[in-house]
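The next block holds one structure in the form of structure tokens; read it before the comments.
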Amino acid sequence: MLPVVLTVCALAAAPANAEKRTYINPVDVDYRYNWEQTNNGISYRTGADPAIVRHKGAYYLFQTLADGYWRSTNLIDWTFITPSRWPFGGIVAPAVASDGDRLIIWPSMSFTRPGSILVTTAPETGKLDFLVRPMPDLPGAVDDKYLEKMKPGEIPPGPWDPGLLKDDDGRWYLYWNSSNVFPIYGIEIAFEDGKLIYKGKATTLFNLKPEQHGWERFGQDHNGLLANGQPTRPYVEGAWVTKHDGKYYLQYGAPGTEFNVYGNGTYVSDKPLGPFTYAEYNPIAYKPGGFVQGAGHGSTFQDNYGNWWNTGTPWIGYNWTFERRINMFPTKFEADGQMWASSRFQDFPQYMPTTKVNDPNSLFTGWMLLSYRKPATASSTLGEFAADRVTDENPRTFWVAAASKAGETLTVDLGVVDTVRAVQVNYTDYESGRFADSPDIYTEFELEHSVDGRTWQPLAKPDGPRRDRPNAYIELPQPVRTRFVRYVHGHVGGANLAISDLRVFGNADGRAPSQPSSVVGKRHQDQRDATIRWARVPGAVGYNIRFGTRADRLTHTYQLWADDIGSGATLQKDLRSLNVGVPYWVAIEAFNETGVSKLSRVVRVR
């Protein structure tokens with residue numbers, strides 16, 4: 001007991017995040033409450049379509065319907081900035097670009113949602129001006145209500161989901177569209193004396209080909225269906241162009257934001273308006289499994305150390321189809337030009353780099369999830385929303401307290417004394433009744449711990465200014481040996497105290513699982529699909545299927561929990577995200593609360 005007490009005393013005297021070294025997904029910003037569903041009484045925090053841009057050494061995060069933006073200097077702590085002017089209808093999926101001196105903000109636009117382009121030379125102050133106020137008509141744009149009447153050369157209204165690029169020669173280019181009918185377009189533009197000049201006509205760049213690209217198929221695990229069971233076409237959206245080593249990477253989100261398989265892909269060209277070639281290693285960002293699911297429609301930026309990042313939009317979808325969050329994955333451009341973002345353990349704690357990093361996967365801390373399926377108890381419960389839901393790794397199930405009052409508790413029993421290093425508290429909006437910003441929308445709580453469930457000591461509490469923390473993450477200043485972790489409620493802005501997951505990270509005593517064996521990858525007659533089989537590993541809590549288009553570069557990860565994939569000696573999972581005519585290799589790694597196994601033998605998917 002004595003070492004534990006000494007550790008606790010030191011912890012109690014230190015701020016919760018005295019030296020922040022790590023981050024976790026989803027990104028914990030004070031997501032704003034959505035107002036679009038006010039008349040329907042549907043209340044939820046909104047987070048989607050992130051555009052992160054580095055400008056004068058700081059990072060600025062814009063997203064859909066936030067009525068402002070965030071600033072950070074370390075990619076961990078984000079401060080909300082209320083702008084001096086903002087469209088009354090809000091901003092949806094904006095293009096944001098820095099030309100070194102100015103930060104330009106271009107909202108999505110249509111015939112029914114016209115807008116202006118904003119600009120600032122001091123985004124840290126919130127002072128925004130008009131760069132272009134009276135927008136010109138998009139050349140060739142017509143009302144798309146009657147698609148069968150559209151003539152050749154005509155395009156739908158927009159630009160919706162715009163993306164901006166300033167090339168090395170100073171010329172500007174616009175890319176845009178969001179549709180399950182129309183393609184991504186591009187056009188050269190210029191900003192002159194408060195005017196936007198469209199130079200020529202829109203160029204058709206590409207559309208989805210789900211019959212060849214498995215990951216572009218719509219629906220949960222690419223089943224092709226809407227939530228109501230009806231078939232639909234996939235959506236292409238969220239254009240974003242990154243120029244790297246003389247190549248233009250035109251990125252896009254597909255096939256739909258409301259499912260686990262939402263990802264980012266890219267086409268590549270040596271010219272800003274193409275022709276563009278599909279990257280056979282697509283998708284570049286893909287996370288269909290785990291607590292954070294979905295990674296599509298975002299942005300790519302480079303940090304102050306030269307590391308690349310790709311952002312996207314994970315799916316929540318309890319209150320509303322488009323209830324979402326934001327993720328941020330480390331990204332790399334290989335010497336041969338391949339672009340890829342790591343999703344491996346990206347909803348577990350990761351180190352935030354403070355220097356140039358060669359391997360994005362090396363940022364994983366090795367801190368494992370200790371709370372999965374562990375018993376949980378609460379001081380009170382509202383109806384069916386029981387405490388055991390907070391350890392199931394599902395953001396769409398949650399505990400609700402009988403009353404949202406200070407002192408309510410939620411306790412997770414790890415089962416044994418483990419080494420705890422971080423905790424994430426993920427709040428849910430259950431009948432929250434909020435539709436706008438307000439001074440009383442903030443989050444306060446404390447964490448306590450115990451080795452016996454009777455004697456409790458302080459563990460941590462959030463530091464920094466008072467704000468809302470929908471996905472509150474606390475890295476402990478030093479590890480603590482303990483068994484019970486207890487959330488003690490202070491305040492939330494919604495009408496109900498609801499928590500989807502209380503996630504505890506660290507390492508259990510013992511050994512990591514043994515190396516998986518008997519891995520087989522079988523390609524189907526429909527080459528977009530494959531079945532992966534392997535032998536169950538004793539003691540494994542979960543598995544990562546790691547696959548890619550090169551045996552030495554397994555860039556994709558599908559994370560699975562062992563209790564979700566059967567109980568036999570042989571386990572299997574179908575992958576439905578492959579590209580026709582492209583070879584694939586696959587390997588398996590197993591993990592538990594202690595650590596991660598050695599990677600299995602890499603095999604060809606045949």
Side-chain angles (χ1 to χ4, degrees), residues 144 147-148 150 152 155-156 161 175-186 203-239 249-269 274-288 293-297 312 315 338-340 521-532 545 547-550 555-556 558 573-586 604-606:
D144 65 349
L147 304 182
E148 68 278 3
M150 292 183 68
I155 61 174
D161 281 10
Y175 309 84
W176 76 95
N177 209 25
S178 174
S179 175
N180 65 347
V181 176
F182 298 102
I184 295 291
Y185 299 100
T203 299
T204 297
L205 300 179
F206 69 89
N207 210 331
L208 298 183
K209 297 180 179 179
E211 70 282 358
Q212 298 180 28
H213 312 147
W215 76 276
E216 292 180 350
R217 287 178 289 181
F218 197 81
Q220 190 75 2
D221 272 331
H222 307 294
N223 64 11
L225 304 175
L226 291 164
N228 63 7
Q230 296 298 311
T232 190
R233 296 176 179 178
Y235 284 77
V236 61
E237 53 198 4
Y249 292 77
L250 172 49
Q251 299 141 66
Y252 63 102
T257 187
E258 65 268 44
F259 295 103
N260 66 324
V261 294
Y262 197 35
N264 287 327
T266 191
Y267 278 68
V268 185
S269 177
F276 282 89
T277 301
Y278 179 78
E280 293 186 339
Y281 50 76
N282 275 329
I284 57 172
Y286 185 69
K287 194 179 186 305
Q293 296 182 357
H297 193 151
W315 165 60
Q338 179 174 353
M339 177 187 182
W340 64 279
K522 178 66 174 178
R523 200 89 176 247
H524 296 190
Q525 184 174 358
D526 183 343
Q527 292 189 21
R528 299 173 297 177
D529 303 337
T531 298
I532 311 302
I545 301 175
F547 60 106
T549 59
R550 287 177 45 153
T555 56
H556 308 307
Y558 200 132
K573 175 67 178 177
D574 287 345
L575 301 179
R576 295 172 51 81
S577 58
L578 310 186
N579 294 307
V580 172
V582 178
Y584 285 87
W585 283 260
V586 66
R604 178 80 177 264
V605 181
R606 299 185 182 277

Indicate the atoms forming the closest heavy-atom contact of [X] with [Y], along with that distance.
{"X": "Arg217", "Y": "Pro210", "result": "CG-O, 3.8 Å"}
{"X": "Pro255", "Y": "Trp215", "result": "CD-O, 3.6 Å"}
{"X": "Tyr185", "Y": "Pro156", "result": "OH-CD, 3.4 Å"}
{"X": "Thr232", "Y": "Phe218", "result": "CG2-CD2, 3.3 Å"}
{"X": "Pro183", "Y": "Asn207", "result": "N-ND2, 3.6 Å"}
{"X": "Asp221", "Y": "Tyr558", "result": "OD1-OH, 2.8 Å"}

Approximate separation, where rounding is to 0.5 Å, of [X] [atom1] and [Y] [atom2]:
{"X": "His524", "Y": "Thr531", "atom1": "NE2", "atom2": "OG1", "answer": "2.5 Å"}
{"X": "Asn282", "Y": "Gln251", "atom1": "CG", "atom2": "CD", "answer": "10.0 Å"}
{"X": "Asp529", "Y": "Arg523", "atom1": "CG", "atom2": "CZ", "answer": "9.0 Å"}
{"X": "Met339", "Y": "Thr266", "atom1": "CE", "atom2": "OG1", "answer": "6.0 Å"}
{"X": "Met150", "Y": "Phe182", "atom1": "CE", "atom2": "CZ", "answer": "4.0 Å"}
{"X": "His556", "Y": "Tyr281", "atom1": "NE2", "atom2": "OH", "answer": "10.0 Å"}

I'd like to know if the side chain of [X] reaches the main chain of [Y], judged simply by a donor and an acceptor atom lying under 3.5 Å from each other, with no hydrogens or angles considered.
{"X": "Asn264", "Y": "His297", "value": "yes"}
{"X": "Gln212", "Y": "Val580", "value": "no"}
{"X": "Asn260", "Y": "Pro288", "value": "yes"}
{"X": "Asn579", "Y": "Glu280", "value": "yes"}
{"X": "Trp315", "Y": "Glu258", "value": "yes"}
{"X": "Glu237", "Y": "Gly253", "value": "no"}

Taking the side chain as every heavy atom from C-beta outward, state whether [X] and [Y] have any pair of such atoms under 4.5 Å apart.
{"X": "Arg576", "Y": "Val261", "value": "no"}
{"X": "Arg233", "Y": "Val181", "value": "yes"}
{"X": "Val236", "Y": "Asn177", "value": "no"}

Under 3.5 Å, is there a donor-acceptor pair between the Tyr252 and Asp161 side chains?
no
Quick one: which of Tyr249, Phe276, Phe206, Tyr175 gives a ring pair (Phe, Tyr, Trp, His ring centres under 6.0 Å) with Tyr267?
Phe206
Is it true that, when you exclude Glu211 itself, more than 12 heavy atoms of the residues, nucleotides or ligands shown sit nearer than 6.0 Å to its CD?
yes
Over 12 foreign heavy atoms within 6.0 Å of OH, Tyr235
no
If the plane angle is over 60° it's perpendicular, under 30° parallel, otherwise tilted; pick one for Phe547 and Tyr584.
tilted
Basic-acidic side-chain contact under 4.0 Å: Asp526, Arg528
yes
